> 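Let me begin by handing over the structure; questions about it come next.
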Amino acid sequence: MDGSGLPETRSTCPYCGVGCGVLLRPDGQGGLAVRGDPDHPANRGKLCSKGAALGETVGLGTRLLAPQIGGVDVPWDRALETVAARFSDTIAEHGPDSVAFYVSGQLLTEDYYVANKLMKGFIGSANIDTNSRLCMASTVAGHKRAFGTDTVPGTYEDLDEADLVVLVGSNLAWCHPVLYQRLMAARATRGTRIIVIDPRRTASCNQADLHLALAPGSDVALFNHLLTRIYEGGALDKSYLQHVSGFDAALCAAYADDLGVTGLDQEEVARFCQAWIGTEKVVTIFSQGVNQSTSGSDKVNAILNCHLATGRIGKPGMGPLSVTGQPNAMGGREVGGLANMLACHLDLENADHRAAVRGFWSSGPLPMAPGLKAVDMFDAVEEGRIKALWIIHTNPAVSMPDADRVARAIATCAFTVVSDVTAETDTARLADVLLPATAWAEKSGTVTNSDRTISRQRAVLPAPEWVRDDWAILAEVGRRMGWEAAFDYAGPAEIFREHVALSAIAGRFGKDFDISGLRDLDDTAYDALPPTRWPVSDAKDGGRFFAQGGFYHADGKARMLPLRWRAPAAKTDRRFPYRLNTGRIRDQWHTMTRTALSPRLSAHLAEPFVDIHPADAAEIGVAAADLVRLASPQGSAILRARLTEAQTPGQLFAPMHWTADYAPTGRIDAVVAGATDPVSGQPESKAAVVSAARFEAVWYGFAVSATEFKPEASYWARARTPAGWRAELACTAPVADWEAEARRMFGLPSASAMVVEDVARGTARLAFLEAGRLVAALFVSPRPVAVMRDYLAGQIDQPGTDILTGLTPADRPDPGPVICACLDVGVNTILSAIETQGLLSVDQIGAALGAGTNCGSCRPELAALLAARVVREAAE
Ligand SMILES: Nc1nc2c(c(=O)[nH]1)N[C@H]1C(S)=C(S)[C@@H](COP(=O)(O)OP(=O)(O)OC[C@H]3O[C@@H](n4cnc5c(=O)[nH]c(N)nc54)[C@H](O)[C@@H]3O)O[C@H]1N2
Ligand SMILES: Nc1nc2c(c(=O)[nH]1)N[C@H]1C(S)=C(S)[C@@H](COP(=O)(O)OP(=O)(O)OC[C@H]3O[C@@H](n4cnc5c(=O)[nH]c(N)nc54)[C@H](O)[C@@H]3O)O[C@H]1N2
Ligand code: SF4
Ligand SMILES: [Mo]
């Protein structure tokens, strides 16, 4: 309970793998107040902008609220019968490998456990794969090759104790903001040094001591070089090396590799190596810049090689730390959710393990070989080899590489089921059957974060009448397919207990994933389960791994691997001269089905963009705010140009988030090829090759509206605002009658209109009023429209008399795009306070404006604004 008298419930944030604890207080009308849980070890009360805005995303406006077949609402009984019958019939006719599940690292452990049991245990195929293939597969493969198991050796506490933290292919400031804030706190108290290894300058570089902008894909060469320097610098831990095999071969290969391919300055590399070698307490954090590569597994092993050679692993303040992306990426690895894994870290290809699991489940024979990995799975769908596909809690028509082809494959599959919470996703539109799932705040279960901490997610909102939990839908289909006893679960606690019992068997096989210590958890204890780091057994409790060796290969040793750098699969050439990098922005989550519901989160970056170096922009004749058309052999995209020296010439960066609902030409995976790492099967989402050209529009527009609207134009991107919607538009076709066009777009046949048209200049400004208040406005120009966007969005529902200049009245400055999402402070407000009040630090900005004082996610950007000011002053 807190001061308001309403009960608060402890739960876990449903976004990133930091796994922050949240305290949720329902308002009794479907709304939710959210704050950080001060007692959760992952965040100790902190939240980032996305976590803090969770309350804005629980509305039912976009929810899928009833099962559908062919777009028509049907009773659950019919939907479930259809799914069970179609899967059973397909298996009877074409065998178990003709069906597949494509699931998600956002499923709860209990959901995931049931999905895996149904496919591997009872359907008898290993064709279950997950979006973790696009995310963590290279780390899983790297860990298994080095350690003999998929274990993260360290814990978050290591960040508090490290003296050097190296971020490799991780934009921690935006993607794991609460961990980043924890690192900043450690830096403030102990001066932790930070080195970022990333081809572009990111928000994570703002507080870094060194940024190595290496050539895309060249990480193996850099870490191979570090290994040779470790050897020459006398930093080997010879006594630790008795726990390690493969050192000589790894070192030989490292010497044979070519540092030159990194394109880095020798002196910078020397500084990096000196820092790494000279600092015992070093943590290397790595993420998608490492994993999403055709040499992703090798990149992971190149990093692990250096930690193994120095014995800097599993000890306080040191070790490799793979940060997981999704809230339950780790839990999915525990239940064996990938096509090449068995449950509880047991091995699909080990006959004893299979026999043990089969006995435990009382199932039929388990598949002996790995199933189809994500990219191969959708290839098989396209070729008609998969004839029934069930997609759960993921949006592959947006997030898979070669996304247009994947969408076509799904559309042509003989039978596709999609379980989602959102009625209209790009994937859901292609399904035969839609199954409505309970959403995050309505469902109950567990998730495991990046440092192996299992946390409870607890239902606090009443579920809409016709939605069901993912585990319950899967179990019901299992029962209807004829396996009543195996799927007869009363609730998530019972599933969790079964998972615990299976982990005890894994423990007896000597596996690391052992949570048998939780075996006596009754329903009440499960409900009350505090955050618990595994392993939890009579012999072990939640600590670090491998400080004294104890690896999981048969000889008990870790393996160092001989590695050689390999270039990304796609090569730039005259037709496709640019390297396209993709990734995340601070305030959107993946395909935006939840974060885009929040006007606050939508205000940070309101449309899809491509970051381009000014020299490249000049080359193709692109100015700031122009639109750019990217094309690859796979497809094309149109994005807003942002000119920035954060990019290296020849390289572009675009976000992964936009969908057909928010910006149809912004779906960046339409241009990304499906090349995969031969070891992990993970696609190379960060190194496509593209051409880039100015998109020649005959007019550009900016629109605001009180009600939802979907423009029709060659380019459009829309976003929610506090009072309605805003949109950017551009088109290659001229418009004859702007008023008619605007009325149609806004759905306002009879609102009173104010229209100012300058036919000679090709500009038009239109405002629509109802009862004297502004309901919509459109600004059109043959050049990208220069109006005060945030000011205009704020004029909806206001008297709206003199807005047609598109500029703010002198006494009402335009706040500009939101930097601080929590306190709603715009960039112009901050810049003007820096100027007029002479602010010198992030804390001073906080004191003056409040910005950066709540969740802290924007502090790196505030620091960057200050730094830009200093640079300008220096130049003046
Ligand atoms: N705001 C927000 N946070 C999120 C998510 C989100 O959608 N939004 N998603 C979550 C998920 S599922 C994940 S997986 C994580 C991902 O978290 P991150 O991996 O930190 O995020 P990304 O932006 O995908 O990529 C990280 C960086 O890799 C760099 N990179 C590209 N190529 C290379 C290379 O060859 N070498 C190196 N060293 N770096 C390279 C990119 O420039 C980019 O800055 O974020 C999680 N957190
Ligand atoms: N180009 C490029 N592509 C990428 C990446 C990249 O860096 N670059 N990153 C990749 C990575 S690391 C990842 S993790 C993926 C993420 O990509 P996706 O998994 O496709 O993205 P999400 O938007 O998280 O999709 C989750 C879906 O589940 C639905 N949902 C939400 N809650 C529930 C629930 O409780 N039950 C059910 N059944 N459904 C629910 C949401 O509405 C949404 O449709 O994208 C990958 N794609
Ligand atoms: S860092 Fe932000 S998105 Fe990640 S778990 Fe914490 S509050 Fe959620
Ligand atoms: Mo991810």
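Counting convention: from 1, in listed order, for ligands and their atoms alike. Note that the structure is predicted; figures quoted are calculated from it, not measured.
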> Below 4.0 angstrom from a heavy atom of Gln326, which ligand 1 atoms are there? Numbered from 1 as shown, please.
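Checking each atom against Gln326, I get 12 (S).
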> Is the shortest side-chain N to carboxylate O distance from Asp258 to Arg564 below 4.0 Å?
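No, Asp258 and Arg564 are not salt-bridged.
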> Which residue, Asp37, Leu47, Thr12, forms the side chain to side chain contact (heavy atoms under 4.5 Å, CB included) with Val22?
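Of all the options given, the one that passes is Leu47.
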> Assess the side chains of Glu684 and Thr294: does a donor N or O sit below 3.5 Å from an acceptor N or O?
yes
> Quick test of your reading of the structure: of Asp219, Leu172, Thr582, Ile585, whose heavy atom lies closest to atom 38 (N) of ligand 1?
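Nearest option to atom 38 (N) of ligand 1, by heavy atoms: Asp219.
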> Under 3.5 Å between any N/O of Cys175 and any N/O of ligand 1: does that happen in this structure?
yes
> Give the single entry among Lys50, Gln288, Gln651, Arg584 that approaches atom 45 (O) of ligand 1 most closely by any heavy atom.
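Among Lys50, Gln288, Gln651, Arg584, the closest heavy atom to atom 45 (O) of ligand 1 belongs to Arg584.
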> Can you sort out the partners of Tyr180 under ring-ring contact (aromatic ring centres under 6.0 Å, His included), two or more places apart, ordered by chain and number?
none
> Note the single closest protein heavy atom to atom 18 (P) of ligand 1, along with its residue, its atom name and the distance in Å.
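Protein heavy atom at minimum distance: Ser287 OG, 3.4 Å.
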> In this structure, does ligand 1 have an atom that sits under 4.0 Å from one of the heavy atoms of Pro216?
yes
> Charged N to carboxylate O under 4.0 angstrom, Arg642 versus Asp611?
yes
> For the 3.5 Å polar cut-off, considering only N or O atoms, please tell me whether Ile197 and ligand 1 meet it.
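Indeed, backbone or side chain, Ile197 has an N or O that close.
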> Does atom NZ (Lys50) have a neighbourhood of more than 12 heavy atoms from anything else shown, all under 6.0 Å?
yes
> Considering the heavy atoms of His657, write down every atom of ligand 1 situated less than 4.0 Å from one of them.
7 (O)
> Restricting to under 2.8 Å, identify the protein N, O or S atoms around atom 8 (Fe) of ligand 3 as residue plus atom.
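Counting only protein N, O or S atoms under 2.8 Å from atom 8 (Fe) of ligand 3, the list reads Cys13 SG.
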> Any atoms of ligand 1 less than 4.0 Å from a non-hydrogen atom of Arg586? List them with their elements.
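Numbered from 1, ligand 1 contributes 1 (N).
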> Answer with yes or no whether Lys299 contacts ligand 1, where contact means a heavy atom under 4.0 Å from a ligand atom.
yes
> Check Arg182 with Asp160, please: is the shortest side-chain N to carboxylate O separation under 4.0 Å?
yes
> Phe653 versus ligand 1: do any nitrogen or oxygen atoms come within less than 3.5 Å of each other?
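Between Phe653 and ligand 1 (N or O atoms, distance only) the closest approach is not under 3.5 Å.
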> Does this structure show an ion pair linking Glu56 with Arg720, if we count only N-O contacts that are shorter than 4.0 Å?
no
> Quick test of your reading of the model: are Asp669 and Lys686 salt-bridged, counting only N-O distances below 4.0 Å?
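Salt bridge absent between Asp669 and Lys686.
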> Are His657 and Thr591 close enough that a side-chain donor and a side-chain acceptor fall under 3.5 Å?
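Note: His657 and Thr591 side chains miss the donor-acceptor criterion.
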> Hey, do the aromatic rings of His307 and Trp276 have their centres closer than 6.0 Å?
yes
